[in-house]
Amino acid sequence: MSVEPGYLDWSKVWQETSPEAVERVTALLRAGEIHEAIIMTGDQTHLPVGYHRADDGRLVIVGPRQCLAPPMDKWGWSLQLYSLRSERSWGIGDFADMRVFGRWAKGSGASMVLVNPLSAPMPGKPQQASPYYPSSRLFLNPIYIAVDQVAGADDLPAELVVAGRALNASPLIDRDAVFDVKMRALRIIWKTFKGDPRFDSFCAETAALRDFARFADPDAIEFHSWLQWLADVQLTEVMGEIDVIQDVAVGIDPDGFDAQSFGDVFVKGARVGAPPDRFNTKGQNWGLPPFDPLALADARYEPFIQMIRRSMRGGGGVRIDHVMGLFRLWWIPAGCSPDAGAYVRYPADELLAILALESHLAGAYVVGEDLGTVEKNVRQELSRRRILSYRLMLFNGAQRARYPRLSLATVSTHDLPTIAGLWTGSDLDEQIRLDLAPNVDETLRLLKMLSRLTDADESTPIDDIIVKTYERLAEVDSALIAASLEDVLGAERRPNIPGTTRADRPNWCIPLPLTLEQVMVDPVVARVAETLSRARPFTGSDLV
């Protein structure tokens, strides 16, 4: 596929890509032409819905042109699962906490929970904190297993249980300590495991499971297979309480299982990122290797198909992180700064056709995170495919025209200031302290907009500002609305600040200021839930 000569930036100004950048990125691409897949709708052919091989070897995709219709006029919560600690959890939010939260949320009028990627990180320590840097997008992170819910946990040594729960007192999520105590406990339980036909079926039906378990520890294949089964069972129980929108990370750890398994489908000499924009003036390097478009096509898109299929298991919905990557990705050659990259074109028709087919097979609707530098006509194409746009009040204000019907609306994201962080100025102060060259003028503009939207001034209590913000959000025409727990609980620190490392800041390690039990009785949480439920009463699964 082609390397783009330039692009329109966030302010709609054409930025020419340097000839040197184009040359470096072109050299990383596998030479050759992509043989386009044959895409058919179910009524165009006698072939059954699914994937087939044409006589010339090309992939034939038979399925609907659009993704599954989403529910309409519903709302839910946006959740970083690790941050939702309860009185019974072991230092980190887990699947049992999420199940309790989901049951409570549905009872308060919500219809879904949008959760951070739950994918497996590299095995062992140090545990990767970022959910957007997975070893594999095909398997789950065992750190989210609720140990006390596993059969046999009642016989664990009391001191081990005490040690696990004592980790809740840590002001930050200490993943290494959580990993140690949970693995100790789970290995004890594993020794008492007598087998289960459901585990046997899971092992037989889950592609690449043994290879993944061998990657985690070649001397404990059965144990790591069992961990994946436990995680899958507990996540399925969550999905029995409420629809879950799983987040699909845009890339993978270059040293992880997926990179090893799919070999040269990933480009080793490049990393995915983003050019400079209004909030990240230096650009971004996410450290993730991109798919080589030709190699992906030669593999008949199997790595992409497996990733989407696993993310959609259980139905509900999926959020595709950086959905523009289905059209083009910003490649940064090794050793170059983020602003020295170039856009590489991808076979969007094939990738979108696969997404639509898997959506219907799984019963899952699709949200596309289309923030940042978005090229012309991409959003129109996503809408035609019935993929919901992802719209932020921080960017779009309360103008209804900026919230298409096929969209999920929220106030901010994990990479942007919370309401309290913006209002108090603490988020901007932190960026300045970290020498991130923040766009001060743009931040002040957002602050003025928030004041105007909520009719607030310096004397307005932050709780009232939070509730008023969601009152305004409830007025937009988007199919779905998501309320962030960080926002509603008045947390000043956002989950992540792009461009910082573990040495700079505890990204992805900040717990919510309240426990799960406190969240469920918090008056501001109740006010926001009542506001959104009044605007969007839960009446079932009305579809578009």
ask   = Would Val113 and Phe101 count as a side chain to side chain contact (heavy atoms under 4.5 Å, CB included) if you check the C-alpha gap in whole Å, the side-chain angles of each, and the deciding distance to 0.1 Å?
value = CA-CA 9 Å; Val113 172; Phe101 179 79; 4.0 Å; yes
key: Those residues that, when tested against Phe139, pass ring-ring contact (aromatic ring centres under 6.0 Å, His included) (two or more places apart)   = Phe212
message = Under the rule for salt bridge (Lys or Arg N to Asp or Glu O under 4.0 Å), what residues qualify as partners of Arg493, not counting sequence neighbours?
response = none
request  = State whether a side-chain donor-acceptor pair under 3.5 Å links Glu4 with Ser2.
outcome  = yes
task = Step through it carefully: locate the ring centre of Tyr132, locate the ring centre of His414, and say whether they are under 6.0 Å apart.
result = yes
task = Applying side-chain contact (heavy atoms from CB on, under 4.5 Å), name anything that partners Asp97, two or more places apart in sequence or on another chain.
result = Ser86, Arg88, Ser89, Asp94, Leu516
request  = Just do the side chain to side chain donor-acceptor pair (under 3.5 Å) check on Asn507 and Thr500 with the steps written out, would you?
outcome  = CA-CA 8 Å; Asn507 291 328; Thr500 60; 2.6 Å; yes
ask   = Will you find, in the side chains of Ser78 and Ser484, an N or O donor that is under 3.5 Å from an N or O acceptor?
value = no
inquiry  = So, using side-chain contact (heavy atoms from CB on, under 4.5 Å) as the criterion, who are the partners of Leu512 when residues are at least two apart?
reply    = Ser83, Leu84, Leu485, Glu486, Leu489
Atom of Ala274, atom of Pro338 and distance for their closest heavy-atom approach = O-CB, 4.3 Å
inquiry  = Can a side-chain donor-acceptor contact be found between Ser426 and Asp429 if the only test is distance below 3.5 angstrom?
reply    = no
query = For the ring pair Trp331 and Tyr343, is the centre-to-centre distance below 6.0 Å?
reply = no
Residues Arg472, Glu475: salt bridge by 4.0 Å N-O rule = yes
request  = Please determine if Arg391 forms a cation-pi arrangement with Tyr403, meaning its NZ or CZ atom is less than 6.0 Å from the six-membered ring centre and no more than 45° off the ring axis.
outcome  = no
task = Answer yes or no for Arg345 and Phe327: cation-pi contact, defined as NZ/CZ to six-membered ring centre under 6.0 Å and angle to ring axis within 45°.
result = no
task = Could you go through the side chain to side chain contact (heavy atoms under 4.5 Å, CB included) check for Asp321 and Val248 one step at a time?
result = CA-CA 6 Å; Asp321 185 38; Val248 183; 5.7 Å; no
inquiry  = Once ring-ring contact (aromatic ring centres under 6.0 Å, His included) is applied, do any residues pair with Trp75, and if so which ones, sequence neighbours excluded?
reply    = Trp77
message = Between Leu394 and Thr413, is the side chain to side chain contact (heavy atoms under 4.5 Å, CB included) condition met? List the steps.
response = CA-CA 9 Å; Leu394 282 188; Thr413 76; over 6 Å; no
ask   = Can a donor-acceptor pair be found between the side chains of Gln518 and Asp522 at a distance below 3.5 Å?
value = no
task = Return the set of residues passing salt bridge (Lys or Arg N to Asp or Glu O under 4.0 Å) with Arg137 (not counting sequence neighbours), or none when no residue passes.
result = none
Where at least one partner belongs to residues 354-365, residue pairs that pass salt bridge (charged side-chain N to carboxylate O under 4.0 Å, His left out), sequence neighbours excluded = Arg309-Glu358
query = Does Asp455 have any salt bridge (Lys or Arg N to Asp or Glu O under 4.0 Å) partners at least two apart in sequence or in another chain, and if so, which?
reply = none
task = For Arg400, check salt bridge (Lys or Arg N to Asp or Glu O under 4.0 Å) against everything at least two apart and list the hits.
result = Asp477
query = If you take all heavy atoms of Ala21 and Ala340, which pair is closest and at what distance?
reply = CB-O, 3.5 Å
query = Quick one: side-chain contact (heavy atoms from CB on, under 4.5 Å) partners of Ser135, sequence neighbours excluded?
reply = Met122, Phe215, Phe257
inquiry  = Restricting to ring-ring contact (aromatic ring centres under 6.0 Å, His included), what partner residues turn up for Tyr144, sequence neighbours left out?
reply    = Phe95
message = For the residue pair Arg328 and Tyr346, would you count it as a cation-pi contact if the rule is NZ or CZ under 6.0 angstrom from the ring centre and within 45 degrees of the ring axis?
response = no
Residue list, side-chain contact (heavy atoms from CB on, under 4.5 Å) with Arg534, at least two apart or on another chain = Glu530, Thr531
query = Going by atom types only, do Asn496 and Asp415 share a side-chain donor-acceptor pair under 3.5 Å?
reply = yes
message = One pair to check against side chain to side chain contact (heavy atoms under 4.5 Å, CB included): Leu351 and Leu296. What are the steps and the verdict?
response = CA-CA 10 Å; Leu351 299 176; Leu296 185 61; 4.1 Å; yes
ask   = When you check the side-chain N and O atoms of Asp487 and Tyr470, is any donor under 3.5 Å from an acceptor?
value = yes
